[in-house]
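Below is one structure, written out as structure tokens; the observations come after it.
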Amino acid sequence: MSAAISASRCDPAAQSLSALTVGQSARIQSLQVDEALRRRLQELGLIPGTHIRCLFRSYSGDPCAFLVRGTVLALRRCDSDRIHIQTE
């Protein structure tokens, strides 16, 4: 098990990215996704320590728009549930 994954399980303040409300910010702590999706998310700038902010949530709650490194990304709930964050 990687250190990033085990650290997020031990940290009581860790939560999933999908828990952010509009306007709330956090830092990415870990990605618990398969290797192909991990690579794609990292290419988009979602790496541990990166600041992220929830900008918009659709009426149904899926997808959500997030601001990451000056870029707006829309993520499905099934993906954002597996991204662990540390709220600020």
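In what follows, residues are counted from 1 in the order of the sequence shown.
How far OG of Ser80 is from CG of Leu41: 10.5 Å, rounded to the nearest 0.5 Å. Leu31 CG to Arg40 CZ: the interatomic distance, rounded to the nearest 0.5 Å, is 13.5 Å. Expressed to the nearest 0.5 Å, how far CD1 of Ile85 lies from CZ of Arg27 amounts to 12.0 Å. Rounding to the nearest 0.5 angstrom, the gap separating the CZ atom in Arg82 from the CD atom in Gln32 is 9.0 Å. Here the straight-line distance linking atom CD of Gln86 with atom OG of Ser30 works out to 11.0 Å at 0.5 Å rounding.
A heavy-atom distance below 4.5 Å is found between the side chains of Ile83 and Leu75. Put simply, the side chain of Asp81 does not reach to within 4.5 Å of the side chain of Asp79, judged on heavy atoms.
By the side chain to side chain donor-acceptor pair (under 3.5 Å) test, Gln24 is found to be paired with Thr21, residues two or more places apart in sequence or in another chain being considered.
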Contacts table for residues 43-55: side-chain donor-acceptor under 3.5 angstrom, sequence neighbours left out:
unit_1: Thr50; atom_1: OG1; unit_2: Gly45; atom_2: O; d: 3.4
unit_1: Thr50; atom_1: OG1; unit_2: Ile47; atom_2: O; d: 2.9
unit_1: Thr50; atom_1: OG1; unit_2: Arg69; atom_2: NH2; d: 3.0
unit_1: His51; atom_1: NE2; unit_2: Glu88; atom_2: OE1; d: 3.3

Throw together a table of side-chain donor-acceptor distances under 3.5 angstrom for residues 56-66, partners on residues two or more places apart or in other chains.
unit_1: Arg57; atom_1: NH2; unit_2: Ser18; atom_2: O; d: 3.2
unit_1: Arg57; atom_1: NH2; unit_2: Leu20; atom_2: O; d: 2.3
unit_1: Ser58; atom_1: OG; unit_2: Ser60; atom_2: OG; d: 3.4
unit_1: Ser58; atom_1: OG; unit_2: Gly61; atom_2: N; d: 3.3
unit_1: Ser58; atom_1: OG; unit_2: Asp62; atom_2: N; d: 3.0
unit_1: Ser58; atom_1: OG; unit_2: Asp62; atom_2: O; d: 3.1
unit_1: Ser58; atom_1: OG; unit_2: Pro63; atom_2: O; d: 3.4
unit_1: Ser60; atom_1: OG; unit_2: Asp62; atom_2: O; d: 3.2
unit_1: Asp62; atom_1: OD1; unit_2: Arg77; atom_2: N; d: 2.7

